[in-house]
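Numbers restart at 1 for each chain; the letters A, B, ... are given by sequence-line order, proteins then strands.
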Amino acid sequence: MELNESEREKQTKLARIRALGINPFPPRAEWIAQRVMAIEAADRAKSTGSNTDNQNADQPEQASHTSTPTQPFSVMGRVIRKNTKGKVSFAHIEDESGKVQFFARLGDDSLSAERFQLWDSLIDVGDWVEAVGIPFLTKAGEPSLRISAWNLLSKAITPLPLAKEEKQTDGSIKRYSAFADPDLRFRQRYTDLAVNPEVREIFIKRARLVKGIRDFMDSNGFLEVETPILQPLYGGAAARPFTTHHNQLDQDLYLRISYELYLKRLLVGNIERVYEIGRDFRNEGVSFKHNPEFTQIEFYAAYMDVFAVMELTERMIQAAARAVLPASTNGISQFRGNTINWFQPFARQTMRDAICEHTKLDYTLFPDAESLGAEIVKQNLMSAELVRGKTRGKLIDSLLGDYVEKTLIQPTFLYDYPRDISPLAKSKVDDPATVERFEGFIGGMELCNAFTELNDPFDQEQRFLDEQKGGDDEAQLLDEDYIRAMRYGMPPNGGFGMGIDRLAMLLTDKDTIREVILFPHLRQG
RNA sequence: GGCCCAUUAGCUCAGUUGGCAGAGCGGGAGCCUUUUAAGCUCCGCGUCGCAGGUUCGAGUCCUGCAUGGGUCACCA
């Protein structure tokens, strides 16, 4: 492994550490039993209220005259700033709770001259350390720990690209030359997380979001399950799959593109409310809102129809927003420069009305692909080339994508979808060409998709066969076991799927899905 | 996949008309007993993304490739 100049310097330092008989990578921290989080250490320092001056600094035990406990405790974490000034040394130590300053002083009774020199010469920014000490405030008012003993916990060889920070008069923090190259940040996410605290915050919010959804589902009587990721047949969505192979069985397998067909089998097995949160894989384009693997929640609820699901969805998304957004925001957040109001009732509109509103075209007046396609070209909404070969449903879906989706900033449900792009959804009783389906949009992005599920095995089989005739490479495969399951009797039910990553983007105001996935897909590597 | 832009030190970036590779931060050596973008003195640490080409001479111009970003196409 090739080392750069500063890495070679660190390697030399590592040899010195070893020569001193110090283990630069000890197996454990020494004082974990006395550990206090940095934020608590800082609080204790603040409550001492004593700005130690040079006189009483020689007797740290007497530095505080308050009742606040000043007995020694330990803080462990990472050195993110170090500054030795002559015979005193300052270092900021960061742990998961925040940071606190370590203060070492040559001449303190509690810290030997040798240990001071070693601290000064061996410890660098990036190293993991622990120290025992007593809390106090420096002259500048900085909550600090006057250290009496310390250990190196892990030596950093490669320097962290830590940015310098300057406190502005208004209290905000200005950062200089922060580690910002997206390529490096995503490839070396560990570095990104180590030096950019706001990146850690994204994933804390994401975890809260998932927990909020899980709590909501559990409290509404849903059973969480896990179904196969490796599937002999893929289905439940229109997407190309990743293919793999089981060697011993000599069997091709697919990574799932959805959980739908397995979860609905469970309804046949008398599990009435079921959900899964997990990973889907789609072998398609990568964009700011598409990653080849992404996290989805799907649920299915017996006896519900699409409108009951819509109502439940609204409450679920609001529960997720509540779990992430600070209470002071009242459910208002920003996304791509737009304000989103999560707590107001979600808008509801038919697909026909939405497209009518944005294109002046009422597609219900054109009953087949030929007449609708001709009208679309006539009104100059799409080129003849793009219209060619599309079914009526795909034309409508294209109009939605081109003219409506970007405008749906506030939470909005669009419903009444064409049947031919919805092979697993139940038709409306009075309009067989339309299905009981909705999609939810927020921030101009499609977020979720739901419908009254088709539970008629004969209708379902015919839909699969119709898909095959279309010759589309994203067509649903005929899953005979799924049809068999349905023949045993599937209760009427409503189903739902939602991209968790996109919801995380919306709630953290991130422009790209890569910001909310810890290790997003990148080429070569 | 098409088009456009970018890629220079560990990080963030400058680099003029083709003429010795630069700055700040970081790092090293030294000074400094309450610093906090600490300060002061000295030190540049480099496969200018990769491979070719043009030229006396290429970080700079040309071609191809790689990676990233934007955009269009595609995409439940």
Q: For RNA chain B, report each stem as range with range, ordered by first number, or say none. Use Watson-Crick or G-U wobble pairs under 3.5 Å, at least 3 in a row.
A: B:1-7 with B:66-72, B:10-13 with B:22-25, B:27-31 with B:39-43, B:49-53 with B:61-65
Q: Mind checking what makes ring pair (Phe, Tyr, Trp, His ring centres under 6.0 Å) contact with A:Phe307, not counting sequence neighbours?
A: A:Tyr415
Q: State which residues pass ring pair (Phe, Tyr, Trp, His ring centres under 6.0 Å) with A:Trp128; sequence neighbours excluded, sorted by chain then number.
A: none
Q: Holding to salt bridge (charged side-chain N to carboxylate O under 4.0 Å, His left out), I want the full list of residues that pass it with A:Asp511, two or more places apart in sequence or in another chain.
A: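 A:Asp511 satisfies salt bridge (charged side-chain N to carboxylate O under 4.0 Å, His left out) with A:Arg336 once adjacent residues are dropped.
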Q: Just the atom pairs and distances: protein N or O near nucleotides 3-6 of chain B's N or O, under 3.5 Å.
A:
none

Q: Using a 3.5 Å cut-off and no angle test, enumerate the donor-acceptor pairs between side-chain atoms of residues 348-355 of chain A and protein atoms at least two apart in sequence or in another chain.
A:
unit_1: A:Arg348; atom_1: NH1; unit_2: A:Glu314; atom_2: OE1; d: 2.9
unit_1: A:Arg348; atom_1: NH1; unit_2: A:Phe346; atom_2: O; d: 3.0
unit_1: A:Arg348; atom_1: NH2; unit_2: A:Glu314; atom_2: OE1; d: 3.1
unit_1: A:Gln349; atom_1: NE2; unit_2: A:Glu357; atom_2: OE1; d: 2.9
unit_1: A:Thr350; atom_1: OG1; unit_2: A:Asp353; atom_2: N; d: 3.0
unit_1: A:Thr350; atom_1: OG1; unit_2: A:Asp353; atom_2: OD2; d: 3.3
unit_1: A:Arg352; atom_1: NE; unit_2: A:Asp362; atom_2: OD1; d: 3.0
unit_1: A:Arg352; atom_1: NE; unit_2: A:Asp362; atom_2: OD2; d: 3.2
unit_1: A:Arg352; atom_1: NH2; unit_2: A:Asp362; atom_2: OD2; d: 2.8

Q: Considering residues at least two apart in sequence or located in another chain, which fulfil the salt bridge (charged side-chain N to carboxylate O under 4.0 Å, His left out) criterion with A:Glu198?
A: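 Scan of A:Glu198 (salt bridge (charged side-chain N to carboxylate O under 4.0 Å, His left out), adjacent residues dropped) gives A:Arg175.
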Q: Counting only heavy atoms and a strict 4.0 angstrom limit, can you tell me which residues of residues 277-286 of chain A come near RNA chain B?
A: A:Arg282, A:Glu284
Q: Could you give all pairs that pass the salt bridge (charged side-chain N to carboxylate O under 4.0 Å, His left out) test and reach residues 495-509 of chain A, with sequence neighbours left out?
A: A:Arg206-A:Asp501
Q: Only counting residues at least two apart or in another chain, list the ones meeting ring pair (Phe, Tyr, Trp, His ring centres under 6.0 Å) with A:Tyr417.
A: none
Q: Not counting sequence neighbours, which residues clear ring pair (Phe, Tyr, Trp, His ring centres under 6.0 Å) with A:Phe299? List them please.
A: A:Phe222, A:Phe496
Q: Sequence neighbours left out, what pairs pass salt bridge (charged side-chain N to carboxylate O under 4.0 Å, His left out) with at least one residue falling in residues 391-406 of chain A?
A: A:Lys289-A:Glu405, A:Lys394-A:Asp472
